[in-house]
Enquirer: 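This is the structure, below, for whatever I ask next.
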Amino acid sequence: QVQLVESGGGLVQPGGSLRLSCAASGSMFRIYAMGWYRQPLGKERELVAIITSGESTNYADSVKGRFTISRDNDKNTVYLQMNSLKPEDTAVYYCYMAGVSWGKGTLVTVSS
């Protein structure tokens, strides 16, 4: 069972930045697509960004131009750089290894 551990969440003011990290156990990280999802309170989970094993990326329209997903296969880690944060970005952010495993989530709160 692959373990995914997110970190980097917290409270940030509107317009600020955060970088989320997700560290994966195991030796097969580099062959899997990785994604970040988020779930605002009382709402359904939604895709934020995805990066393939070949490092192609795709983003939700709501975060394009503000968020960047990247991966470091040597560190078994995927990142989500979030800039120009808005209150509507407030959610629990989950890391996902496609078809394999979910992390437990990290809370991001954007508020003044």
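Just so it is clear, the model here is predicted, and its values are computed rather than measured.
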Enquirer: Tell me, please, which residues at least two apart from Glu55 pass side-chain contact (heavy atoms from CB on, under 4.5 Å).
Expert: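 Partners of Glu55 by the side-chain contact (heavy atoms from CB on, under 4.5 Å) criterion, ordered by chain and then number, come out as Ile51, Arg71.
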Enquirer: Identify the two heavy atoms, one from Phe29 and one from Asn73, that lie closest to each other, and give their separation to 0.1 Å.
Expert: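 So the two residues come closest at CE2-OD1, 3.2 Å.
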Enquirer: Are side-chain N/O atoms of Thr77 and Asp72 paired as donor and acceptor at under 3.5 Å?
Expert: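 No donor-acceptor contact under 3.5 Å links the two side chains.
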Enquirer: Identify the heavy atoms of Ala24 and Leu4 that sit nearest to each other, and give their distance.
Expert: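 Taking every non-hydrogen atom into account, CB-CD2, 3.5 Å.
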Enquirer: Excluding sequence neighbours, so at least two apart, what forms side-chain contact (heavy atoms from CB on, under 4.5 Å) with Asp61?
Expert: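 Per chain and number, Asp61 pairs via side-chain contact (heavy atoms from CB on, under 4.5 Å) with Lys64.
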Enquirer: Roughly how far apart are Phe67 CZ and Thr57 OG1, rounded to 0.5 Å?
Expert: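 Phe67 CZ to Thr57 OG1: 14.0 Å, rounded to 0.5 Å.
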Enquirer: Looking at CH2 of Trp102 and CD of Gln3, how far apart are the two atoms once the value is rounded to the nearest 0.5 Å?
Expert: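 One gets 15.5 Å once the value is rounded to the nearest 0.5 Å.
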Enquirer: How many angstroms lie between atom OG of Ser17 and atom CD of Gln81, to the nearest 0.5 angstrom?
Expert: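 Result: 6.0 Å between the selected atoms.
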Enquirer: Determine all donor-acceptor pairs shorter than 3.5 Å in which one atom belongs to a side chain in residues 36-50; sequence neighbours excluded.
Expert:
| unit_1 | atom_1 | unit_2 | atom_2 | d |
| --- | --- | --- | --- | --- |
| Trp36 | NE1 | Tyr79 | O | 3.4 |
| Arg38 | NE | Glu46 | OE2 | 2.7 |
| Arg38 | NH1 | Asp89 | OD1 | 2.9 |
| Arg38 | NH1 | Tyr93 | OH | 3.0 |
| Arg38 | NH2 | Glu46 | OE2 | 3.4 |
| Arg38 | NH2 | Ser62 | OG | 3.4 |
| Gln39 | NE2 | Lys43 | O | 3.0 |

Enquirer: Could you name each residue pair satisfying disulfide (SG to SG under 2.5 Å) that touches residues 48-82, not counting sequence neighbours?
Expert: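 Listed by first then second residue: nothing to list.
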Enquirer: What closest approach, in Å, do Leu85 and Arg66 show between heavy atoms, and which atom pair accounts for it?
Expert: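 The answer is CA-NH1, 3.9 Å.
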Enquirer: Is there a path of hydrophobic side-chain contacts, each under 4.5 Å between heavy atoms, that joins Val110 and Tyr94?
Expert: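 Cluster IDs for Val110 and Tyr94 differ.
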Enquirer: Report the residues that fulfil side-chain contact (heavy atoms from CB on, under 4.5 Å) with Thr109, sequence neighbours left out, ordered by chain and then residue number.
Expert: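 So Thr109 forms a side-chain contact (heavy atoms from CB on, under 4.5 Å) with Leu11, Thr90, Leu107, Ser111.
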Enquirer: Whether the side chain of Gln13 engages the backbone of Ser112 through a donor-acceptor N/O pair (distance < 3.5 Å, no angle test) should be reported.
Expert: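 No, the answer is negative, given that no donor and acceptor are paired below the 3.5 Å cut-off.
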Enquirer: Does Leu80 share a hydrophobic cluster with Val63, counting links as ILVMFWY side-chain heavy atoms below 4.5 Å and allowing steps through other members?
Expert: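 Same hydrophobic cluster.
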Enquirer: Would you please name every residue forming a side chain to side chain donor-acceptor pair (under 3.5 Å) with Asn76, sequence neighbours left out?
Expert: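 Testing Asn76 for side chain to side chain donor-acceptor pair (under 3.5 Å), a comparison that skips the adjacent residues, returns none.
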Enquirer: Measuring from atom OG of Ser53 to atom CZ of Arg30, what distance do you get when rounded to the nearest 0.5 angstrom?
Expert: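 If I round to the nearest 0.5 Å, the distance is 10.5 Å.
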